[in-house]
Number of protein chains: 2
Amino acid sequence: MLTDRQALILQVIIDEFIETAQPIGSRNIAKKDHISYSPATIRNDMADLEDAGYLVKTHSSSGRVPSEKGYRFYVDHMLSPFSLSTEEMQVIKSQFNDRMIEMEKVMQNSAHILSELTQYTTLVLGPEVYETKLKQLQIVPINKQSAIAILVTDTGHVEHRSFAVPHTIDHSDLEKVVNILNQKLVGVPIIYLDRMIESEVLDLLNQYTSNYQKSYDLIHNALFGHQTTSLYVSGKSNILMQPEFNDIEKARSLFNVLENEEKMAPMLKADEEGIHISIGHENAMEAMNHSTLITATYTVGNEQFGTIALLGPTRMEYAKAVSLLDVWSRHMSQSLHKWFKD
Amino acid sequence: MLTDRQALILQVIIDEFIETAQPIGSRNIAKKDHISYSPATIRNDMADLEDAGYLVKTHSSSGRVPSEKGYRFYVDHMLSPFSLSTEEMQVIKSQFNDRMIEMEKVMQNSAHILSELTQYTTLVLGPEVYETKLKQLQIVPINKQSAIAILVTDTGHVEHRSFAVPHTIDHSDLEKVVNILNQKLVGVPIIYLDRMIESEVLDLLNQYTSNYQKSYDLIHNALFGHQTTSLYVSGKSNILMQPEFNDIEKARSLFNVLENEEKMAPMLKADEEGIHISIGHENAMEAMNHSTLITATYTVGNEQFGTIALLGPTRMEYAKAVSLLDVWSRHMSQSLHKWFKD
DNA sequence: ATTAGCACTCGGAACCACCAAGTGCTAACA
DNA sequence: TGTTAGCACTTGGTGGTTCCGAGTGCTAAT
């Protein structure tokens, strides 16, 4: 494995490269205060580190640059604890100080503020809704031919969808159906709505309205047809500020996947709690092969994970990004937890 | 003014430059089939056109490039009618064939499809809501401390905002207030809600609930506090594909204004019906000094303008962009009009 | 009024030399 | 034996030179 000195050198190189984005030479390392070895010694170690795959050269007589393996070692073994500035802590605390009102807002704000703090792109994925319960169902007729169905959950999420009302169906029919649905379904977890309706509601509906089936079909389609993933992205244009994306092509392909919710959501889904770092080619998606994605989970009530993530170049400020995500996700979980208890 | 031949030459240069993004020389113009003059003749005219400010050189011995004044003349006087392809017409018609359900959807789709068709960035601004009427008001309590207010308009627009409920206020109070508000306010144009409440509702409220004032304040703040501009933007990353934005700085500043709703919305507000073209420095905003913004109005019912806009480089496919916006806005107006009659 | 001809200009590509920063290796050193 | 000094070698980048192509402006001929 690596000697202490080699590890130290690797760390210095990565720290320096993260800051400057320039290849690092042995002479520059030797100049550092806390380094007491000569350039020649350092050169030898750098050669070893390169052989072992932690460093690469951009050309045969250039300084070294960290490889993905180098970054991987760095984040696994030598991420120095990073203390956030008081201003940063201030921002975080103030965000969660006020009483929380609505989960959506929290997610949106989180994405926004984290992207400001880090200058990276931030993504926030809402939790799966296994435990989210129906709070209220509502139908608002708009005109003869259309109406809007509104569904409110106990997380404060409001979903609405419009649908066409055929002239064979009267608005009063719809109203009756909604009343029944509300009576029976309020408090039921969203994902059980379907089976609950079948077992408890259909018969009842039959008694009240003559052509309940059609009314029901309508509402069912309107509300349960698509499922929406709640993904908030902020700071996309920060991508352009990184020198590694001076190559416009790279920026473009990254933008393309970012604008595509269906592609991004799976990358953010966490299968275990905590922080996860995905460096360069560790990312499944080709457009992200020059980027690092750091995800952190937050929890809502009972084991429901949501994800906050930062996307930046592989040359990322790992220490800062990780601390920030760590602190943020804790605060967020705590805050959400408190909210659900009330 | 310009001679016929000069105008022709100007047109050829602009058409060519729009296609190639390269400076055009006299020789190349002379080669065109429909041009029967020698390069020397064309050179003379080009010199005149340059003196008059319609063309510029990138350097003293280069071909010419249209100036903003050149583009201005081009769009004012020689925009050749552009016939959309059958596929394009197909897409447009299919978009408005289906019965419309909800205005928001239409706006979103329009932004999306137009950006696909043109490869420019598309912006759609919703109409001012002078005539939009309240369809229904709803309060859904989420937990002891918070509730969500939902407002539905006759355009199918759903607005919701959460607010904190102090413990001095009971949910039943809120409910009463909402009932009264609905009784009195449904059908009232959104912008008159405020004064209507003052004149008609406050006294009534007083009779029903003891501390109506607080309840009313809450709801009032939640629903009428902010006004939301409804701006949909699509195809932002198309910006990066234009060669004029190889200079990353330009792209970045453009992205920054695009991500800022408050800055964009005023640029899109139309003071008169029809199509308006704003070229380069004609745009107030500095970041847009290398871009052209083409806006088209659509109408909703009675003289309420909304705007659809395309944003591209000054070297834009004006003819195509204009026809497309023209056709689209007509279809959209018509479709919305029909919808409101039902 | 138009065009042919010609001298002139400029940017871009190709080539060169040179320099700075870096490396690898060998031999000397503690 | 691990560390270091010294040195030859490599490479990208910079600046200068030349050359070429594409273009212009002007003058004189048609």
Side-chain angles (χ1 to χ4, degrees), chain A residues 1-10 12-17 19-67 70 243-244 246-247, chain B residues 1-10 12-17 19-67 70 243-244 246-247:
Chain A
M1 278 281 70
L2 299 187
T3 66
D4 285 355
R5 193 177 59 205
Q6 285 171 342
L8 175 63
I9 290 173
L10 179 58
V12 171
I13 290 177
I14 296 185
D15 282 338
E16 187 77 11
F17 185 72
E19 202 176 321
T20 64
Q22 298 296 324
I24 321 295
S26 54
R27 237 180 98 76
N28 280 314
I29 299 177
K31 275 198 210 120
K32 298 255 161 210
D33 288 350
H34 57 295
I35 301 286
S36 54
Y37 307 98
S38 75
T41 309
I42 295 169
R43 269 205 294 286
N44 286 329
D45 280 336
M46 284 167 85
D48 291 346
L49 284 167
E50 185 176 2
D51 287 345
Y54 296 102
L55 297 176
V56 288
K57 285 192 280 206
T58 59
H59 58 85
S60 77
S61 74
S62 76
R64 295 331 200 274
V65 158
S67 68
E244 16 272 291
N246 279 350
D247 176 0
Chain B
M1 279 279 68
L2 299 188
T3 66
D4 284 356
R5 193 178 57 205
Q6 286 171 341
L8 174 63
I9 290 172
L10 179 58
V12 171
I13 290 177
I14 296 185
D15 282 337
E16 187 77 10
F17 185 73
E19 203 175 322
T20 65
Q22 298 296 323
I24 321 294
S26 55
R27 238 180 96 78
N28 280 315
I29 299 177
K31 275 199 212 118
K32 300 251 160 210
D33 288 350
H34 57 294
I35 301 287
S36 53
Y37 308 97
S38 75
T41 310
I42 294 169
R43 270 204 296 285
N44 286 329
D45 280 336
M46 284 167 85
D48 291 345
L49 285 167
E50 185 176 2
D51 289 343
Y54 296 103
L55 296 176
V56 288
K57 283 192 282 205
T58 59
H59 59 86
S60 77
S61 75
S62 76
R64 295 332 199 275
V65 157
S67 68
E244 18 271 290
N246 279 350
D247 176 0

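Every chain is numbered from 1, with letters handed out A, B, ... down the list of sequences. Owing to the predicted nature of the structure, the values given are computational and were not obtained by experimental measurement.
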Visitor: Is the count of non-hydrogen atoms from other residues, nucleotides or ligands lying under 6.0 Å from A:N246 atom CG greater than 12?
Guide: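 Enclosed: over 12 neighbouring heavy atoms sit under 6.0 Å from CG of A:N246.
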Visitor: Has A:D51 got more than 12 heavy atoms of other residues, nucleotides or ligands less than 6.0 Å from its CG?
Guide: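 Atom CG in A:D51 is packed in, count exceeds 12.
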Visitor: With rounding to the nearest 0.5 angstrom, report the CG to CG distance, A:L55 to A:D45.
Guide: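 It comes to 10.5 Å.
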Visitor: Rounded to the nearest angstrom, tell me the gap between atom CE in A:M46 and atom P in D:dT3.
Guide: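 A:M46 atom CE is separated from D:dT3 atom P by 16 Å.
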Visitor: Can you find an N or O donor on one side and an acceptor on the other, under 3.5 Å apart, linking the side chain of B:R43 with the base of C:dG5?
Guide: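 Indeed, a donor on one side and an acceptor on the other fall under 3.5 Å apart.
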Visitor: How many whole angstroms separate atom CD1 of A:I9 from atom C1' of D:dG2?
Guide: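 Result: 13 Å.
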Visitor: Check the distance between C:dA1's C1' and B:I42's CD1 and give it to me in whole angstrom.
Guide: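 Spelled out: CD1 on B:I42 to C1' on C:dA1 is 15 Å.
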Visitor: Rounded to whole Å, how long is the line connecting atom CG of A:N44 with atom C1' of D:dG6?
Guide: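 For the pair A:N44 CG and D:dG6 C1', the rounded distance is 14 Å.
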Visitor: Any chance you could measure A:R43, atom CZ, to A:R64, atom CZ, to the nearest 0.5 Å?
Guide: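 Answer rounded to 0.5 Å: 9.5 Å.
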Visitor: So with a 6.0 Å cut-off around CZ of B:R27, is the heavy-atom count from everything else above 12?
Guide: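 No, CZ of B:R27 has 12 or fewer neighbouring heavy atoms, counting only those of other groups under 6.0 Å.
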Visitor: Write down the distance between CD (B:Q22) and C1' (D:dG21), rounded to a whole number of angstrom.
Guide: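 Computing the B:Q22:CD to D:dG21:C1' distance gives 14 Å.
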Visitor: Using heavy atoms and a sub-4.0 Å distance, could you list which residues of residues 24-34 of chain A are near DNA chain C? By number, please.
Guide: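 The answer is A:G25, A:S26, A:N28.
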Visitor: What heavy-atom pair brings A:I42 and A:Y37 nearest, and what distance separates the two atoms?
Guide: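 Of all heavy-atom pairs spanning A:I42 and A:Y37, the closest is CD1-O, 3.9 Å.
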Visitor: For A:D48, which residues count as a side chain to side chain donor-acceptor pair (under 3.5 Å) partner, sequence neighbours excluded?
Guide: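 Residues passing side chain to side chain donor-acceptor pair (under 3.5 Å) with A:D48: A:Q6.
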Visitor: Can you identify which nucleotide, out of D:dG25, C:dT3, D:dT3, has its nearest atom closest to the B:E50 side chain?
Guide: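 Out of D:dG25, C:dT3, D:dT3, the nucleotide with an atom closest to B:E50's side chain is D:dG25.
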Visitor: Short of 4.0 Å, heavy atom to strand atom, which residues of residues 51-63 of chain A count as contacting DNA chain D?
Guide: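 Hits under 4.0 Å, by residue number: A:H59, A:S60, A:S61.
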Visitor: Just verifying a value: how many Å separate A:Y54 OH and A:I14 CD1, rounded to the nearest 0.5 Å?
Guide: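 Taking OH in A:Y54 and CD1 in A:I14, the distance rounds to 10.5 Å.
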Visitor: How long is the line joining CZ of B:F17 and P of D:dG23, in whole Å?
Guide: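 Nearest whole value for this atom pair: 14 Å.
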Visitor: What's the CZ-P distance between A:R64 and C:dA21, to the nearest Å?
Guide: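 To the nearest whole Å, that distance equals 18 Å.
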